[in-house]
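In what follows, a single structure is set out as structure tokens and then discussed.
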Amino acid sequence: MNKKGLAILMRTRMRPNDPPKLSLSLLTNELNQRLPNSQGNQSSGRTVEQASAEGNKKLNTEREFELVRESMHLAISMNKTEVLDDALDDFSAGYFSLESENRQRLLLLLAKEYDLNRTQVRELLKQYLGLEMPSGENAQSSGLEEEALLSAFYRIERNLRQSLKPMYEVLFERLNTHPGGLRFLSILREDILSILAEQNIASMRALDSYLKEKLSTWLSPAALELHQITWDDPASLLEKIVAYEAVHPISNLIDLKRRLGVGRRCFGYLHPAIPGEPLVFIEVALLKNVAQTVQEVLWDNPPIPECNATCALFYSISSTQPGLSGINLGKFLIKRVITLVKRDMPHISTFATLSPIPGFMQWLLAKFASQLKLAEAADMSQSSAEGSDSTFWENILETEEEKALLDSSVGIAAGKNGMEVMLNLLTSLHYEWTNSTNLLPVLKPPLMRLCARYLLQEKKRGKALDSVANFHLQNGAMVERLNWMADRSEKGLRQSGGIMVNYVYRPENIEEYAHSYFSKGQIHASAELHQDVKLSKELAGRAD
């Protein structure tokens with residue numbers, strides 16, 4: 001094994017670029033004098049050495065927290081460049097030294113105590129509302145009077161804009177221009193999101209929203225560098241590709257080398273402030289046709305000559321920074337890669353994906369469970385429930401589908417009706433149904449039809465319920481084709497029953513499709529999938 005391969009192999013199990021724990025330098029002496037020391041709190045006859053280890057640890061932890069808090073305050077309030085740099089260094093280093101509980105405590109303090117001054121905002125609003133509006137067509141005043149009146153509006157509006165900026169904006173702005181500051185900000189937001197996942201705190205939501213908006217601006221496409229990642233890149237960069245691959249894990253060095261070799265491409269967005277670390281990367285397979293299974297892409301079969309390829313298939317896109325969640329860097333990356341591939345390989349005419357459907361099985365099993373509960377509550381089987389006038393009842397399986405399921409599942413899965421049989425099969429521990437030559441063709445029609453319904457019809461706030469579908473649709477793709485048993489991995493079966501989907505990007509329609517999806521929630525799809533959705537609607541509304 002060469003040196004590069006050994007380096008990647010040894011380091012891929014380590015999380016890349018863990019933040020260094022630097023020592024604090026600023027304000028230590030001052031704060032040690034201000035904080036109580038152990039000797040001052042001892043009762044007579046007791047020494048520091050006799051104090052309990054637990055008490056000392058608690059005292060040291062509090063002293064450390066106050067040091068970081070003070071350095072954060074200085075980083076916001078100071079203006080002298082030479083002292084400011086030290087404060088920013090001390091704050092970032094000190095933050096990494098804090099335990100999780102104190103990080104959360106510090107962020108809550110930042111969100112609440114360094115928010116905007118609402119008293120000032122209210123006062124300015126009162127002044128603004130108290131101004132006399134220009135009288136328009138009935139104006140009797142001279143030009144000088146009107147100019148003075150407008151000047152008062154402009155002055156208060158300027159002051160309002162300034163007062164509506166929270167004080168922590170200063171910290172974000174200063175960190176962004178400080179060495180290592182952008183990466184530190186992404187870590188701060190990762191911790192903020194972790195807090196919000198457990199507690200819905202209004203001030204913390206506002207802090208997250210403001211920081212996300214700032215990061216979106218600083219990480220605009222103009223500030224990002226598109227880099228084609230190859231085997232010739234440093235091992236430190238390649239190890240991050242291995243560590244961060246989120247869709248199809250890279251199994252070994254041979255797998256990695258193949259994904260970067262002939263017939264494959266890997267592109268990443270890098271930022272000058274975070275050198276050597278892709279913020280998001282995409283893997284591309286050059287194929288003759290749009291792949292229908294993940295095996296066609298990941299198996300070690302020799303690739304076709306690149307000159308024979310007509311399709312660029314995006315089979316994996318991964319973000320590397322949890323703190324950049326919700327910032328759609330992938331949208332810009334896909335468009336840039338399409339432009340680059342079209343320029344370098346004019347014979348490529350199709351741009352598509354082979355994508356997972358991570359939310360399908362969760363939605364389907366919940367749908368089955370709710371319908372079975374309705375039937376059970378009414379103490380009736382599905383056949384008698386068909387006549388139910390319940391608002392929430394719907395037919396999910398066709399009569400022929402249910403009969404075939406009941407016939408072919410004898411001795412494999414029990415159930416009073418087709419939905420219960422499907423529920424038991426799909427939740428079986430080892431997915432035995434995938435090895436049954438009788439069950440597979442019986443399960444395929446209802447699962448494919450219901451999957452089409454899930455992708456095209458099931459929505460949340462007017463947008464596709466499935467997260468991956470929403471990502472590609474808002475980027476201007478259309479839903480082209482569902483692929484049966486395309487991913488037989490445990491993850492693929494658990495998330496989508498092994499079904500995968502091809503989204504297609506047609507360069508001439510990308511902007512149109514993205515706009516219609518964003519403005520009206522319109523999902524563009526092939527005629528075949530629309531037909532499946534139409535059938536599901538008719539079935540759900542059938543009265544008999």
Side-chain angles (χ1 to χ4, degrees), residues 212-213 215-228 247 265-271 278-287 290 309-319 324-357 452 455-482 501-530 533:
K212 178 184 176 183
E213 183 179 332
L215 289 170
S216 298
T217 301
W218 296 327
L219 296 172
S220 66
L224 299 172
E225 173 196 348
L226 181 64
H227 176 69
Q228 182 178 342
V247 184
R265 296 290 188 275
C266 182
F267 298 93
Y269 260 150
L270 282 76
H271 192 282
L279 304 181
V280 60
F281 62 91
I282 189 169
E283 296 171 72
V284 186
L286 304 177
L287 306 171
V290 178
T310 62
C311 170
L313 186 88
F314 309 132
Y315 64 94
S316 177
I317 183 166
S318 303
S319 297
L324 302 183
S325 174
I327 300 173
N328 193 354
L329 299 177
K331 170 183 177 180
F332 306 116
L333 180 59
I334 288 175
K335 291 181 179 179
R336 286 279 299 276
V337 169
I338 289 175
T339 301
L340 186 64
V341 171
K342 280 182 65 179
R343 185 195 71 191
D344 294 345
M345 292 178 279
H347 53 282
I348 300 290
S349 58
T350 302
F351 298 90
T353 79
L354 181 63
S355 299
I357 314 169
L455 288 175
L456 273 62
Q457 189 178 354
E458 299 299 322
K459 296 184 177 182
K460 180 180 180 181
R461 297 175 185 156
K463 300 297 184 291
L465 184 61
D466 188 78
S467 58
V468 175
N470 183 59
F471 170 79
H472 287 294
L473 292 169
Q474 70 179 346
N475 293 343
M478 67 171 290
V479 192
E480 179 67 23
R481 180 178 65 195
L482 292 179
V501 57
N502 295 125
Y503 298 99
V504 170
Y505 285 86
R506 294 193 167 92
E508 67 275 12
N509 297 127
I510 286 178
E511 295 303 328
E512 176 194 345
Y513 289 177
H515 177 73
S516 60
Y517 178 71
F518 180 78
S519 60
K520 298 181 288 187
Q522 182 179 357
I523 297 176
H524 295 269
S526 64
E528 179 184 356
L529 291 181
H530 276 303
V533 171

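Not measured: the values here are computed from a predicted model.
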Exercise for review: Output all residues satisfying ring pair (Phe, Tyr, Trp, His ring centres under 6.0 Å) with Tyr315, sequence neighbours left out; order by chain, then residue number.
Suggested key: none
Exercise for review: Please list, chain by chain and in numerical order, all residues satisfying salt bridge (charged side-chain N to carboxylate O under 4.0 Å, His left out) with Arg506, sequence neighbours excluded.
Suggested key: Glu480
Practice item. Verify side chain to side chain contact (heavy atoms under 4.5 Å, CB included) between His472 and Val501, making sure each step is shown before the conclusion. Key: CA-CA 11 Å; His472 287 294; Val501 57; over 6 Å; no
Exercise for review: Determine which pairs satisfy salt bridge (Lys or Arg N to Asp or Glu O under 4.0 Å) with at least one residue from residues 337-353, sequence neighbours left out, and list them in order.
Suggested key: none
**Study point:** Pairs where residues 328-341 contributes a residue and the test side chain to side chain donor-acceptor pair (under 3.5 Å) is met, not counting sequence neighbours
**Key:** Tyr269-Arg336, Asn328-Asn475, Lys335-Glu511
What donor-acceptor contacts under 3.5 angstrom involve side-chain atoms of residues 347-355, with partners at least two apart or in another chain?
unit_1, atom_1, unit_2, atom_2, d
His347, NE2, Glu306, O, 3.0
Thr353, OG1, Ser355, OG, 2.7
Thr353, OG1, Tyr503, N, 3.2

Check your understanding: Can you find a heavy atom in the side chain of Ile523 that is under 4.5 Å from one in the side chain of Lys459?
Key -> yes
Practice item. Please report the C-alpha distance between Ile357 and Val468 in whole Å, then the side-chain angles of each, then the deciding distance to 0.1 Å, and finally whether the side chain to side chain contact (heavy atoms under 4.5 Å, CB included) criterion is met. Key: CA-CA 7 Å; Ile357 314 169; Val468 175; over 6 Å; no
Review point. Are Ile327 and Trp218 side-chain neighbours, meaning at least one heavy-atom pair lies under 4.5 Å?
Key: no
Practice item. Please indicate whether Glu528 has more than 12 foreign heavy atoms, meaning atoms of other residues, nucleotides or ligands, lying under 6.0 Å from its CD. Key: no
Check your understanding: Within a strict 4.5 Å, meaning less than it, do heavy atoms of the Val290 and Arg481 side chains meet?
Key -> yes
Review point. Which value, rounded to the nearest 0.5 Å, describes the distance between Asn509 atom CG and Met478 atom CE?
Key: 8.5 Å
Review point. Is any side-chain heavy atom of Leu529 closer than 4.5 Å to a side-chain heavy atom of Leu455?
Key: no
Practice item. Taking salt bridge (charged side-chain N to carboxylate O under 4.0 Å, His left out) as the test, write out the residues that go with Glu458, two or more places apart. Key: Arg453
Exercise for review: Check the surroundings of atom CD in Gln228: do more than 12 heavy atoms from other residues, nucleotides or ligands lie under 6.0 Å from it?
Suggested key: yes
Check your understanding: Do Val337 and Tyr505 have side-chain heavy atoms sitting under 4.5 Å apart?
Key -> no
Side chains of residues 515-522: which donor-acceptor pairs under 3.5 Å do they make with residues two or more places apart or in other chains?
unit_1, atom_1, unit_2, atom_2, d
Ser516, OG, Glu512, O, 3.3
Ser516, OG, Tyr513, O, 3.1
Ser516, OG, His524, NE2, 3.0
Tyr517, OH, Ala464, N, 2.8
Tyr517, OH, Asn470, OD1, 2.6
Ser519, OG, His515, O, 2.7

Exercise for review: Check the pair Phe332 / Leu224 against side chain to side chain contact (heavy atoms under 4.5 Å, CB included), numbers first and verdict last.
Suggested key: CA-CA 10 Å; Phe332 306 116; Leu224 299 172; 5.7 Å; no
Review point. Would you say the side chain of Val247 lies within less than 4.5 Å of the side chain of Ile317, judging by non-hydrogen atoms?
Key: no
